Amino acid sequence: MTLTLFIILALLLTLLSVGLTLQINRLKRELSDYRQWAESELERVSRTDHDTGALKAQPFFEQLDNECRRAVREFTPLTLMKLDIQLLDDQADRSAVLKRVAEILSQQLARPGDQLGRCAEQQLALLLPATNEHAGSFAQRCHQAVLDAFEPGQIQFTLGACTFQPTAALRGELAQQLVTETLAAALIETPGTVVFHAEYSHDFNPTYA
């Protein structure tokens, strides 16, 4: 009788031990998954502009460098746009306007890899890999979508954009410089409009029309 009770007790303890081990392993997996999520979320927050939800300037231009190298490697053009938002209404909330513009532009982006960034206090940028000279129509749509969201005379929205062919000279720094010059010229000569330049090639099919 005593031996039987001992055996039963030993079995119960074994089952309890197995159950606890399984429970502990499950909790460890959940903790590991949560830690990975938390680290990923912290990285995302640290790279994201609080006011607009866009990438901050440094990670945005790091991604531009990566996409330029990818464009050359895969022989596909890319487009970079810079957008300047000037408030014409003194009563308007700058942060609210910038956030609204960022939301509108984000809604225009439909492909994985397209990226919105904040490159200055009142400037946003769009990075569009695997695009060609037909991206000019997309620039016009973005410009019109923003204008439609505000009352006339409330903001001045100027967009400068360039499409680059995948030549050996293509670098993030060069792309940024040329688009910045395009936007600067637009602000002087035709503020409130879209200025688009493209390196044309008939060897590529439209990928963003």
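The figures here come from the full heavy-atom set of this structure, side chains too, leaving out hydrogens, waters and symmetry mates. These numbers come from a predicted model, not from an experiment.
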How long is the straight-line distance from CG of L83 back to OG1 of T158, given to the nearest 0.5 Å? 9.5 Å
Can you give me the closest heavy-atom contact between G153 and L88, atom names plus distance? O-CB, 3.1 Å
Provide the full list of salt bridge (charged side-chain N to carboxylate O under 4.0 Å, His left out) pairs with a residue in residues 82-102, sequence neighbours left out, each pair given once. R100-E103
Please collect all salt bridge (charged side-chain N to carboxylate O under 4.0 Å, His left out) contacts where either partner lies in residues 115-128, sequence neighbours excluded, each pair once. D49-R118, D51-R118
Quick note, side-chain hydrogen bond (donor to acceptor under 3.5 Å, both in side chains) partners involving residues 168-178, not counting sequence neighbours, are Q177-E181
Output all residues satisfying side-chain hydrogen bond (donor to acceptor under 3.5 Å, both in side chains) with R69, sequence neighbours left out; order by chain, then residue number. N66
Under the side-chain hydrogen bond (donor to acceptor under 3.5 Å, both in side chains) test, which residues partner Q154, sequence neighbours left out? none
Can you name the nearest heavy-atom pair linking L116 to S106, along with the distance? CD2-OG, 3.3 Å
Heavy atoms only: give me the nearest G160-T182 pair and the separation to one decimal. CA-CG2, 4.1 Å
Given side chains that start at C-beta, do those of L159 and F196 come closer than 4.5 Å, heavy atoms only? no
With a 4.5 Å cut-off on side-chain heavy atoms, are T131 and D114 touching? no
Closest heavy-atom pair, G172 versus L64, reported as atoms and distance to 0.1 Å, is O-CD2, 3.5 Å
With a cutoff of under 4.5 Å between side-chain heavy atoms, which Ile, Leu, Val, Met, Phe, Trp and Tyr residues group with L183? L187
Under a 4.5 Å side-chain heavy-atom rule over Ile, Leu, Val, Met, Phe, Trp and Tyr, are V195 and F138 clustered together? no
CG on L80 to CG on L178, rounded to 0.5 Å: 9.5 Å
Do R111 and L128 have side-chain heavy atoms sitting under 4.5 Å apart? yes
side-chain hydrogen bond (donor to acceptor under 3.5 Å, both in side chains) pairs touching residues 183-196, sequence neighbours excluded, are T190-T193
Would you call V72 and F164 a side-chain contact if the rule is heavy atoms closer than 4.5 Å? no
Partner set under side-chain hydrogen bond (donor to acceptor under 3.5 Å, both in side chains) for Q144, not counting sequence neighbours: D148
Looking at E74, I want to see if its CD is surrounded by more than 12 non-hydrogen atoms of other residues, nucleotides or ligands under 6.0 Å. yes
How far apart are the closest heavy atoms of A135 and T163, and which atoms are they? CB-OG1, 4.1 Å
Residues at least two apart in sequence or cross-chain that pass side-chain contact (heavy atoms from CB on, under 4.5 Å) with A145, listed by chain then number, are I104, Q108
Return the set of residues passing side-chain hydrogen bond (donor to acceptor under 3.5 Å, both in side chains) with Q58 (not counting sequence neighbours), or none when no residue passes. E62
Can you tell me how far the CG atom of L105 sits from the OG1 atom of T52, to the nearest 0.5 Å? 10.0 Å
Verify, without hydrogens or angle tests, whether Q165 (side chain) and E199 (backbone) share a donor-acceptor contact under 3.5 angstrom. yes
The reported gap from CG in L98 to CD1 in I85 (rounded to nearest 0.5 angstrom) is 5.0 Å
My understanding is that only residues two or more places apart in sequence, or in another chain, count here; which of them pass ring-ring contact (aromatic ring centres under 6.0 Å, His included) with F157? H143
Heavy atoms only: give me the nearest L174-A169 pair and the separation to one decimal. CD2-O, 3.5 Å
Could you check if a side-chain atom of L55 sits within less than 4.5 angstrom of a side-chain atom of L127, using non-hydrogen atoms only? no
Interatomic distance, T79 atom OG1 to E67 atom CD [nearest 0.5 angstrom]: 12.0 Å
Please report the interatomic distance SG(C68) to CZ(R73), rounded to the nearest 0.5 Å. 11.5 Å
